[in-house]
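For reference, the structure discussed in these notes is given below.
Chain A is the first sequence line, chain B the second, and so forth, proteins listed ahead of strands; every chain is numbered from 1. The figures here come from the full heavy-atom set of this structure, side chains too, leaving out hydrogens, waters and symmetry mates. Model, not experiment: these values are computed from the prediction.
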Amino acid sequence: MQPRLRFAPSPTGQVHIGNIRTAIFNWLAARHMGGKFILRIEDTDLERSTKEAIDTLLECMNWLGLDYDEEVLYQTTQAQHHLDAAKKLIDDGNAYHPGPVSEHSPVYFRIPYCCDDYPFVRTVGPATIALASGSDVVVSGAGLTFTTLSPKGKPVENQACLAGFKDLAVLDADDKPLYELTDDNACALLSGGEPVTVSGAAKLKFIRREVFYDDMVKGHLSKPLDSMRDFIIVRSDGSPVFHLANVCDDITQNITLIVRGDDHVENTYRHLFMFRTLGAEPPSYAHLPMIVNAQGKPYSKRDGDAFVGDFRDKGVLPEALFNYLTLLGWSSGDNREKMTREELVEAFDLARVQHSPAQFDAVKMANLNGQYIAALDPAVFRERAWEFAAAYPWRESVDRAAFDRVANLMQSRTKLMTDLAAWTYFFAVPVDYDPKGVKKFLTPDQLRAALAKAAEKFDSIDENAKAVEDALRAVENGDGLSQFALNQPVRVAVCGVTVGASIYETVECIGVRECARRIRGALAATA
RNA sequence: GUCCCUAUCGUCUAGAGGCCUAGGACACCAGGUUUUCAUCCUGGUAACACGGGUUCGAAUCCCGUUGGGGAUGCCA
């Protein structure tokens, strides 16, 4: 059967990198296996799901090249299916209204008491739980309520599903049975029998069972049934809860492999039962570790910069973000880091995904981004730079050909597309001059005199880098200055800064005559 | 509190009992190339959380401790 994977986000505002990383891993896994990658939008939270949020999501996926197969499924269109499924579960005795049945009580999913033949349930063995002495135990179709003692001796209320306590015996302090849960009275309880309250209990003795499954990234995972509870699948207002909707849609969409965040492992134990009782084969699962911030903590609103849109605005290339995110929690195993999409699809393997959270490192990502920019075909870089520069007001008055020359000159020293913000001196007289640069390069009389001569030469020389270089060398020689002594003074006078590309080519880009004017202007302004 | 997961340089990671005096990348430091800066090249600092076991041999397996994360919602 062809693998079918899905990305099922809730569109509630911005797209978080943790979220999009899940999408990327799903996409990679699907493409690697030659399976389908399906997008399902879980928009059932009417309050928070907006059209804008959906558009943002779609845009992010498009920007990152996450193409999906088949039509997008909007969860709100499936409401009837969800409710039908709930009804089936109730009819089969796998779900119930607690207490007196009413229109306005929620529906609980019941972890099935008879589940020994489920392929994902196994018997662990006999177990006992010590109770707070002389406490009450309530046994009902909705499970068990009992009181234990915390290590500090405080009484703690516990609730668990009935299925967790196969062959339960409630014992008193002398190990005398106070109550026994047989298949018969379990049946009675499950079909709506009155709850039983046992007083003076001291311990619970039962056969422990556990749910288990093989996670494609985390390996063998299990959880005892007595640590689980029945859970709500339909709210009292009649709307389906995540667990119901999510599982139903996975069934209707025939999903065979679910790749999602680590925070869902606990849900998996519940969902396994839901697939089974809904008559479906459970899919395989892979749970991805979380991405945490520079403090090693989960991203919060305060971190602010963890949204895909922010990275785009900061001048990160989509292919670089994509590549960097694959490196968070995954590695090729052969020291390759900068990899093309094709190489990633080829190498991607869920089994190589890390089990523990990974910290996002903006510096390393910027470095990767720089590598991507450096490797860009110059024509492509010019185009992207031009598009990106639309964000800056100075672009309006810039001639495209002039811009392209600057782009060619600056590509190799661009790390982030936002570095273009500093290109403004190519197109306009600098507004600010670096004070240290002025002090060092525009203040000494000897340099000022030489600069004036250079400006004079600039009035008539050819408009190319070689001529600029020759002119500067000539002035230096004539004035007894050491070679290159004029480079930085010219840079400061022309660009206002002390760092940048080759000054000869920079002058050529700006225009030799224009530079002559700027030098005189700078000299006058600092006189 | 309980349950589940997890632990290699500052960070991302390689590592499936001997190839490990632990490899790569980012960052950092030093040197070199260069008309400035960046790039680039060379070299360097830096890690198996701790304690027990198992074994001829453990970063790797087991147990415990500690740290971290998650779950414990009529959120998803």
- If you check the A:Lys415 side chain, which of B:rU36, B:rG70, B:rU39 turns out closest? B:rU39
- Item | Span that lies between the C1' atom of B:rC28 and that of B:rU11, in whole angstrom | 12 Å
- Is the gap between the ring centers of A:Trp330 and A:Phe348 under 6.0 Å? yes
- Query: If you measure from the C1' atom in B:rG17 to the same atom in B:rC61, how many Å do you get, rounded?
  - Reply: 8 Å
- Query: If you measure from the C1' atom in B:rA46 to the same atom in B:rC29, how many Å do you get, rounded?
  - Reply: 11 Å
- Message: Can you check the distance between B:rA22 and B:rC4, where both ends of the measurement are the C1' atom (answer in whole Å)?
- Response: 31 Å
- A:Lys338/A:Glu319 ion pair, N-O < 4.0 Å: no
- Are A:His243 and the base of B:rA76 stacked, counting only ring centres nearer than 5.5 Å and planes tilted under 30°? no
- Taking only the side-chain heavy atoms of A:Lys223 (C-beta and beyond), determine which of B:rC26, B:rA71, B:rC3 contains the nearest atom. B:rC3
- Selected nucleotide, minimal atom distance to A:Arg491 side chain, candidates B:rU36, B:rC12, B:rG24: B:rU36
- Message: Using a 3.5 Å distance criterion without hydrogens, assess whether the side chain of A:Asp349 forms a donor-acceptor pair with backbone atoms of A:Ala351.
- Response: yes
- When you measure from the side chain of A:His355, which nucleotide among B:rU6, B:rG23, B:rC4 comes out closest? B:rU6
- Between B:rG10 and B:rU21, how far is it from one C1' atom to the other, in whole Å? 23 Å
- Message: Would you say that more than 12 heavy atoms from the other residues, nucleotides or ligands in this model lie under 6.0 Å from the NZ of A:Lys223, or not?
- Response: yes
- Message: Among B:rG69, B:rA71, B:rU6, which nucleotide has an atom closest to any side-chain atom of A:Glu266?
- Response: B:rA71
- Out of A:Tyr269, A:Tyr108, A:Phe231, which one pairs with A:His243 under the ring pair (Phe, Tyr, Trp, His ring centres under 6.0 Å) rule? A:Phe231
- Nearest-nucleotide pick for A:Arg48, side chain only, options being B:rC75, B:rG1, B:rA27: B:rC75
- Item | Side-chain (A:Thr22) to main-chain (A:Gly18) donor-acceptor, under 3.5 angstrom | yes
- Note on the structure: Among the nucleotides B:rU35, B:rC74, B:rU36, whichever has the atom closest to the side chain of A:Phe484 is B:rU35
- Item | Value in whole Å for how far the P atom of B:rC75 lies from CG of A:Asn246 | 15 Å
- Task: Calculate the interatomic distance between A:Ile291 atom CD1 and B:rU11 atom C1'; express it in whole Å.
- Result: 14 Å
- Note on the structure: Separation of B:rU11 atom P from A:Gln295 atom CD, nearest Å, is 12 Å
- Same-atom distance (P) from B:rG44 to B:rG53, integer angstrom: 37 Å
- Say you pick atom P in B:rG43 and the same atom in B:rG57; how far apart are they, in whole Å? 37 Å
- Where the side chain of A:Ala358 is defined as all heavy atoms beyond and including C-beta, which of B:rC12, B:rU72, B:rG68 is the nearest nucleotide? B:rC12
- Message: Can you measure A:Asp334 atom CG to B:rA16 atom C1' for me and round it to whole angstrom units?
- Response: 17 Å
- Query: Does B:rA49 have a Watson-Crick or wobble partner in any strand here, with both distances under 3.5 angstrom, and which is it?
  - Reply: B:rU65
- Message: When you measure only distances, ignoring hydrogens and angles, does the side chain of A:Ser227 come within 3.5 Å of the base of B:rU2 through a donor and an acceptor?
- Response: no
